2 protein chains.
Amino acid sequence: MIENINEILKKNQLSVTDSRRKILEMFQHTSGALAHADIEKQSGTLFDRVTIYRTLQTFVEKGIIHTIPTIDNSVKYALCKDACQAGHHHDNHVHFMCDECGTTYCLNNISIPQVQLPEGFRSTQTDVVVSGICKNCND
Amino acid sequence: MIENINEILKKNQLSVTDSRRKILEMFQHTSGALAHADIEKQSGTLFDRVTIYRTLQTFVEKGIIHTIPTIDNSVKYALCKDACQAGHHHDNHVHFMCDECGTTYCLNNISIPQVQLPEGFRSTQTDVVVSGICKNCND
DNA sequence: ATGAGTTTGCAACTTTGTTGCAAAATAAAA
DNA sequence: TTTTATTTTGCAACAAAGTTGCAAACTCAT
Ligand SMILES: [Mn+2]
Ligand SMILES: [Mn+2]
Ligand SMILES: [Zn+2]
Ligand SMILES: [Zn+2]
């Protein structure tokens with residue numbers, strides 16, 4: 001797994017540093033999405049707030065993670081599963097936010113439905129965010 | 001139109017004040033959505049930043065306006081067209097954000113498509129945000 | 001017109017995010 | 001392995017966004 005992380009960083013022409021390894025590891029070890037605050041909490045005093053901001057930004061630019069729009073307008077991030085490239089993301093899946101536990105899921109197998117737009121509107125991207133009760137909280 | 005505004009406020013058991021009238025008027029006079037910053041700019045020194053926050057919050061609670069999730073995670077608001085009630089919104093329409101002019105539209109006639117969820121997930125709300133080029137910018 | 005109740009503006013504060021720069025760490029070259 | 005060039009980090013200072021308490025101003029019912 002650690003090997004894997006180094007490979008991912010190198011493959012994206014990023015020098016391998018402590019903070020990048022740790023943060024990437026956090027994403028691999030969680031099923032849902034992470035907010036900046038989550039990472040800050042989990043890492044304690046390990047690295048600076050600013051470093052987290054910059055690392056997340058770098059990962060998004062490289063296509064390693066993607067941002068997720070949320071109803072409460074907080075910023076969440078999750079690993080890209082698809083073959084996302086630097087500058088071009090292809091995360092065309094539905095996201096789910098649980099009202100009870102707060103977890104945000106990437107539903108990688110549920111693809112975005114086609115939306116019929118009015119005359120004159122051209123779409124380049126469609127985001128779908130479903131909220132409700134997740135599998136865990138339903139049992 | 002002014003009459004209308006007073007009626008809306010009274011119908012929602014809100015006392016009629018300058019700031020509430022002006023802010024509601026702004027929403028009626030715009031085709032798209034408004035952010036807190038837009039209102040602050042348009043109103044200049046007319047009323048305090050804090051008043052705008054509180055007014056927007058009140059309007060959302062009363063079902064007069066609704067929030068819109070955005071890709072850049074900024075908070076936008078627009079008038080409720082449907083019969084939204086205090087505590088329960090029914091704005092089941094698609095939202096469109098123009099990459100060029102930045103306008104956010106409520107596509108009130110385009111209804112939210114049904115999304116097939118995995119076993120165990122129960123949905124209570126679905127938000128769809130389409131981005132691209134709007135009618136105005138396409139011509 | 002009066003008074004109870006609501007709303008507003010101000011000030012002070014917290015939280016979130018950004019920027020410049022020197023020190024430290026990494027990767028490449030010798 | 002040692003040296004050097006490049007990148008990344010932490011710190012400090014700052015800017016933007018949002019919250020809270022409270023006294024003064026306003027609204028509305030009597
Ligand atoms: Mn995702
Ligand atoms: Mn809308
Ligand atoms: Zn849950
Ligand atoms: Zn446009």
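First the proteins, then the strands, lettered A, B, ... as listed; each starts at 1. Treat the numbers as computed from the prediction; the structure is a model and nothing was measured.
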Between [atom2] on [N] and [atom1] on [X], what's the gap in Å once rounded to a whole number?
X     : N      : atom1 : atom2 : answer
A:Q13 : D:dT8  : CD    : P     : 11 Å
B:F59 : C:dT7  : CZ    : P     : 11 Å
A:D48 : C:dG17 : CG    : P     : 14 Å
B:Y53 : C:dC13 : OH    : C1'   : 14 Å
A:K22 : D:dT9  : NZ    : P     : 14 Å
B:D72 : C:dG17 : CG    : P     : 13 Å
B:R21 : D:dC26 : CZ    : P     : 14 Å
B:L56 : D:dG18 : CG    : P     : 10 Å

Per the under-4.0 Å heavy-atom filter, residues of residues 36-47 of chain B near DNA chain D come out as none
Rounded to the nearest 0.5 Å, how far apart are CD1 of A:I110 and CG of A:N92?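 Between atom CD1 of A:I110 and atom CG of A:N92 there are 13.5 Å.
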Gap separating the CG atom of A:D18 from the OG1 atom of A:T51, nearest 0.5 angstrom: 11.0 Å
Is there a donor on the side chain of A:R49 or the base of D:dG10 sitting less than 3.5 Å from an acceptor on the other? no
Taking all non-hydrogen atoms of both residues, which atom of A:T103 and which atom of A:G32 are closest, and how far apart?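 Distance-wise, the nearest heavy atoms are CG2-CA, 4.2 Å.
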Between A:R20 and B:V75, just flag the one whose closest nucleotide in DNA chain D comes earlier from the 5' side.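 Closer to the 5' end of DNA chain D: A:R20.
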Tell me if a side-chain donor or acceptor on A:K76 pairs with a main-chain N or O of A:L34 at a distance below 3.5 Å. no
If we ignore hydrogens and angles and just use 3.5 Å, is the side chain of B:R20 paired with the main-chain N or O of B:S15 as donor and acceptor? yes
Could you tell me, to 10°, how much the axis swings from one end of the helix from C:dA1-D:dT30 to C:dA30-D:dT1 to the other, five pairs per end? 30°
Under 4.0 Å: is that the gap between some side-chain N or O of A:S19 and OP1 or OP2 of D:dT9?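 Answer is yes, contact under 4.0 Å.
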Please check the phosphate of D:dT9 (OP1 and OP2 only) for any side-chain N or O of A:T51 closer than 4.0 Å.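 No, no such contact exists.
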Please list all pairs meeting side-chain hydrogen bond (donor to acceptor under 3.5 Å, both in side chains) that have one or both residues in residues 126-139 of chain A, counting only residues at least two apart or in different chains. A:Q125-A:D127
Strictly below 4.0 Å, N to O, side chains only: are B:K41 and B:D38 in salt-bridge contact?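 So B:K41 does not pair with B:D38 through a salt bridge.
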Would you tabulate the nitrogen or oxygen pairs shorter than 3.5 Å linking the protein to nucleotides 21-30 of chain C?
residue, atom, partner, partner atom, Å
C:dA27, OP1, A:V16, N, 2.8

Test of understanding: with ring-ring contact (aromatic ring centres under 6.0 Å, His included), list the residues that count as partners of B:Y105, not counting sequence neighbours.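 ring-ring contact (aromatic ring centres under 6.0 Å, His included) check on B:Y105 returns A:F121.
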When you get a sec, tell me which of D:dT9, C:dC10, C:dT19 is the closest nucleotide to the side chain of B:V50?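 Of the candidates, C:dC10 comes closest.
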When the side chains of residues 95-102 of chain B are checked against the rest of the protein, which donor-acceptor pairs come out under 3.5 Å, sequence neighbours left out?
residue, atom, partner, partner atom, Å
B:H95, NE2, B:H66, NE2, 3.3
B:H95, NE2, B:H93, NE2, 3.1
B:D99, OD2, A:T124, OG1, 3.3

Give the C-alpha distance, both sets of side-chain angles, the deciding distance and a yes or no for side chain to side chain contact (heavy atoms under 4.5 Å, CB included) between A:L24 and A:L79. CA-CA 9 Å; A:L24 189 43; A:L79 277 183; 3.9 Å; yes
Do A:Q28 and A:I8 pass the side chain to side chain contact (heavy atoms under 4.5 Å, CB included) test, and can you show the C-alpha distance, the side-chain angles, and the key distance before you say yes or no? CA-CA 12 Å; A:Q28 292 194 338; A:I8 293 175; 3.6 Å; yes
A:Q116 atom CD: more than 12 heavy-atom contacts under 6.0 Å: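 Counting other residues, nucleotides and ligands, CD of A:Q116 stays at 12 neighbours or fewer.
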